[in-house]
Amino acid sequence: MGRWLKPDVYPLIAAMSFVTGMCVFQLTRNVLMNPDVRVSKSNRRSAVPDNAGEGERYSQHAFRRFLSTQRPEVFPALNCFFSESSSAGDK
């Protein structure tokens, strides 16, 4: 009986493990921190929760605040290179 797991399958296993980890992270984050998810019985009693501050903290997390200070460019150096060369050709 030879190997039952071929080396060609390792990248697929790595990718699927990464994606599964991301899903578990997001589901755990939503269950534990999302103000719209009410697990405890005392929180479920209120039909319309008054938790605007909690919702603001949830939606404006540290990663989103960091991204709001960055320019929306994928390759800033490449964009700068092509924008400078096209403006020089226009003159």
Side-chain angles (χ1 to χ4, degrees):
M1 194 165 138
R3 288 181 87 164
W4 62 274
L5 185 64
K6 296 180 182 179
D8 301 344
V9 181
Y10 292 151
L12 181 62
I13 291 173
M16 293 303 295
S17 299
F18 177 72
V19 170
T20 303
M22 285 177 43
C23 289
V24 167
F25 169 75
Q26 186 62 27
L27 288 173
T28 305
R29 179 177 177 262
N30 279 331
V31 167
L32 296 178
M33 298 174 59
N34 194 336
D36 291 335
V37 176
R38 291 172 256 162
V39 179
S40 66
K41 196 176 264 191
S42 62
N43 288 340
R44 283 184 285 173
R45 287 186 186 158
S46 63
V48 179
D50 184 26
N51 57 357
E54 188 178 348
E56 185 73 22
R57 277 195 321 270
Y58 177 77
S59 67
Q60 299 301 325
H61 47 80
F63 185 61
R64 182 172 282 177
R65 285 193 308 267
F66 169 73
L67 288 179
S68 68
T69 62
Q70 305 299 314
R71 293 182 62 193
E73 294 180 331
V74 177
F75 297 112
L78 191 63
N79 290 343
C80 184
F81 172 75
F82 281 113
S83 66
E84 288 174 0
S85 64
S86 65
S87 64
D90 293 338
K91 290 182 181 179

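The figures here come from the full heavy-atom set of this structure, side chains too, leaving out hydrogens, waters and symmetry mates. No experiment lies behind these values; they were computed from the predicted model shown.
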Original post:
If you look only at pairs with a residue in residues 13-27, which of them pass as a salt bridge (Lys or Arg N to Asp or Glu O under 4.0 Å), with sequence neighbours excluded?
Top reply: none
Original post:
Hey, what else clusters with Leu27 if you join Ile, Leu, Val, Met, Phe, Trp, Tyr whenever side-chain heavy atoms sit under 4.5 Å?
Top reply: none
Can you give each donor-acceptor pair under 3.5 Å made by side-chain atoms of residues 9-22, sequence neighbours left out, with the distance rounded to 0.1 Å?
unit_1 : atom_1 : unit_2 : atom_2 : d
Tyr10  : OH     : Arg3   : NH2    : 3.1
Ser17  : OG     : Ile13  : O      : 2.8
Thr20  : OG1    : Met16  : O      : 2.7

Subject >> Test side chain to side chain contact (heavy atoms under 4.5 Å, CB included) applied to Met33 - qualifying residues, sequence neighbours left out >> reply: Arg29, Tyr58
Original post:
Which hydrophobic side chains are connected to Val24, either touching it within the sub-4.5 Å cutoff or through other members that do?
Top reply: none
**OP:** Grab the two heavy atoms, one from Ser83 and one from Cys80, that are nearest each other, plus how far apart they are.
**Re:** OG-O, 3.0 Å
**OP:** Please list, chain by chain and in numerical order, all residues satisfying salt bridge (charged side-chain N to carboxylate O under 4.0 Å, His left out) with Arg71, sequence neighbours excluded.
**Re:** Glu73
Original post:
When rounded to the nearest 0.5 angstrom, what distance separates OG1 in Thr69 from CZ in Arg65?
Top reply: 10.5 Å
Subject >> Remaining members of hydrophobic cluster (4.5 Å side-chain criterion), Phe66 >> reply: Phe63, Leu67
Subject >> side chain to side chain contact (heavy atoms under 4.5 Å, CB included) involving Leu78 - partner list, sequence neighbours excluded >> reply: Phe75, Phe82
